[in-house]
Each structure stands twice: as C-alpha cells, then as structure tokens.
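Computed over heavy atoms, backbone and side chain alike; hydrogens, waters and symmetry mates excluded. Residue numbers begin at 1 in each chain, while the letters A, B, ... track the order of the sequences.
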Amino acid sequence: MGKNSLPLSFYQSYDTLTLAQKLLGCELVHDSPDGITSGIIVETEAYLANDPACHAYNRRTARTEPMYSQAGTIYVYLIYGMYQCVNVVSNAEGIGEAVLIRALQPVQGIELMHQRRSLIETKTAKKIKAVTVKELCRGPGKLVKAMGIERDLHNNQLLDESTLYINKPEFLDFEIASSVRIGINVGVALPYRFIIKNNLFVSK
DNA sequence: CCGGTGATGTTC
DNA sequence: AACATCACCGGG
C-alpha cells in the first residue's frame, strides 16, 4: 500500500488493448490476513466488447455487470467448476471490457504461495507434487490460488486502500510480444494475448 | 490425451 | 427445468 500503487486514473487512461500491455511489468499485490504475496505481471489477455470471447459480449447480466463499471474494478469468476480467474476491468463505464491476468513472476511471499498451492480441494485433499517457483503463478487459475484471491474481491476496486492493488512498473526495459489467446473457442484469431518477451514465468 | 466440477446463460 | 458451455489444471 502507498505511493507506488496505481490510481484509478491509470486504468481509465488507456483503451483495453493498451492497458493489457501497460500492466506488463507492474506488481500485483495481495495483502491478506495470512501475509503479503505479490508478483510481476508477465502475461495478460484483453477481452473487448465487440469480441465474441468476452463474457460481456452481447450480455449484460448479474455476472458480467462489474465489467461494465469503471476501469480498475476487479472481476473474478469461476471457471470449469474448480478455478477462479482475476481480471482488471477496463474502458469507460457502460462498456464491458477487461484484462485477464494470466501469469506472474513471484516476488513477495513465495513461501506462502507454495503453501496455498500445495493442496487441492478434493474430497481426499491429497497432496499434489511439489511445484517450482516458476510454476507457482504460471496460469490464471494457478496465480489466483497462489495469491489467495477470493471471490469476495469481485466487484471491488484496485485502490491502494484495497487488499488487492497493483504497483507501478518494476520492470521497465522489456519487449512485448503478442499472440492469439489461450483456451477459447471463439475469437481465436484475435492477437489479444500479451507477454513480456523471453520472460521465464509466462505460461505455455 | 481426457475428466473433474459447478456457476451461468440459453432454450424449452 | 434441463442442457450446453466454459478465459483451467493435473494425471497418465
């Protein structure tokens, strides 16, 4: 928390495709009761209002309503019954767009991230094999688990008095590469995925 | 490869 | 009320 965190005006200053790139190199921080965890954002995807892969595409419902609120709002959703993903809402109020955070390079609270990732919530709660630091936040479901992001953050804002916020860029000198997005069936040709080129913490 | 898992949106 | 869909992950 403090002077390094991005103000709402930052999220409001760019269109969604630009914001998805501007967030690369910034530090996502979660100040939870268990401790602080954080990581550099190394991979994002943009979801636009005219984009069939976007949850808010031709839909304005209870679930997608936060996507229509002001930029800097947090959109968390359940996917495949088991995993949560976190998005930064973008663009003006009334336009349903967001940026999905897909991978982090862990910085703070790495031990806590390991603890959170070490169990899966099956009936048996059996242990999964040990993960390396590189694997801790490599994927949208994994990073939400490692960061301890819960559904209660949904529809909150990324203010510095929030428990979840984003700091100004830690990395400044890098190249951005773009590609098609992962795991979707529509809008497959759109090059709306952005990564820090040559970063080892990007997902496959 | 393939199945687990449950909310959501759409259709009937 | 029933069904198809899904911005994922881990086991094999």
Pair A:D51 + A:R181, salt bridge at N-O below 4.0 Å: yes
Think A:R102 has a side-chain N or O under 4.0 angstrom from the OP1 or OP2 of C:dA7? no
Can you check whether A:H55 has a side-chain N or O nearer than 4.0 Å to OP1 or OP2 of C:dA7? yes
Checking N1-N3 plus N6-O4 or O6-N4 for Watson-Crick, or N1-O2 and O6-N3 for wobble, each under 3.5 Å, the partner of B:dT5 is none
Just the rounded figure in Å: distance from C1' of C:dC6 to CD1 of A:I184. 12 Å
When you measure from the side chain of A:R117, which nucleotide among C:dA7, C:dG10, B:dT5 comes out closest? C:dG10
Could you tell me the Watson-Crick or G-U partner of C:dA7, where both distances fall under 3.5 Å? Say none if there is no partner. none
Provide, to the nearest angstrom, the distance between the NZ atom belonging to A:K145 and the P atom belonging to C:dC8. 17 Å
Quick note, A:L78 side chain, CB onward, closest among B:dG4, B:dG9, B:dA7 is B:dA7
Does a nitrogen or oxygen in the side chain of A:R193 sit under 4.0 Å from OP1 or OP2 of C:dA7? no
So what does A:R181 hit on the nucleic acid, given a heavy-atom distance under 4.0 Å: a base, only sugar-phosphate, or nothing? nothing
Would you indicate which nucleotide in C:dC8, B:dG9, B:dT5 comes nearest to any side-chain atom of A:R59? B:dG9
Please state how far atom CD1 in A:I101 lies from atom C1' in C:dC8, giving the value in whole angstrom units. 16 Å
If you take atom types as modelled and just measure distance, does the side chain of A:Y77 reach the base of B:dA7 with a donor-acceptor pair under 3.5 Å? no
State whether A:E45 and A:R102 are salt-bridged, where the test is any N-O pair (Lys NZ or Arg NE/NH1/NH2 against Asp/Glu carboxylate O) under 4.0 Å. yes
Return the nearest nucleotide to the side chain of A:Y80; candidates are C:dC8, B:dT8, B:dG9. C:dC8
Does the side chain of A:N87 get closer than 4.0 angstrom to OP1 or OP2 of C:dA7 through an N or O atom? no
Would you mind reading off the distance between A:L48 atom CG and C:dA7 atom P, rounded to a whole angstrom? 15 Å
Can a donor-acceptor pair be found between the side chains of A:S38 and A:E27 at a distance below 3.5 Å? yes
Within the stacking criterion (centroid distance below 5.5 Å, interplanar angle below 30°), does A:Y47 stack on C:dA7? yes
In whole angstroms, how far is the P atom of C:dT5 from the CG atom of A:N185? 9 Å
In whole angstrom, give the distance that lies between atom OH of A:Y57 and atom P of B:dG9. 16 Å
A:E65 and A:R60 ion-paired at < 4.0 Å: yes
Whole-Å distance, A:Y75 OH to C:dC6 C1', equals 11 Å
Would you say the rings of A:H55 and A:Y77 are close, in the sense that their centroids are separated by under 6.0 Å? yes
Of the listed nucleotides B:dG4, B:dG9, C:dC6, the one nearest the side chain of A:Y83: B:dG4
Heavy atoms from C-beta onward define the side chain here; which of B:dT10, C:dG10, C:dC8 lies closest to that of A:K142? C:dG10
Among A:E43, A:R138, A:K142, side chain to side chain donor-acceptor pair (under 3.5 Å) partner for A:S203: A:E43
C:dA7 C1' sits how many Å from A:M67 CE, rounded? 10 Å
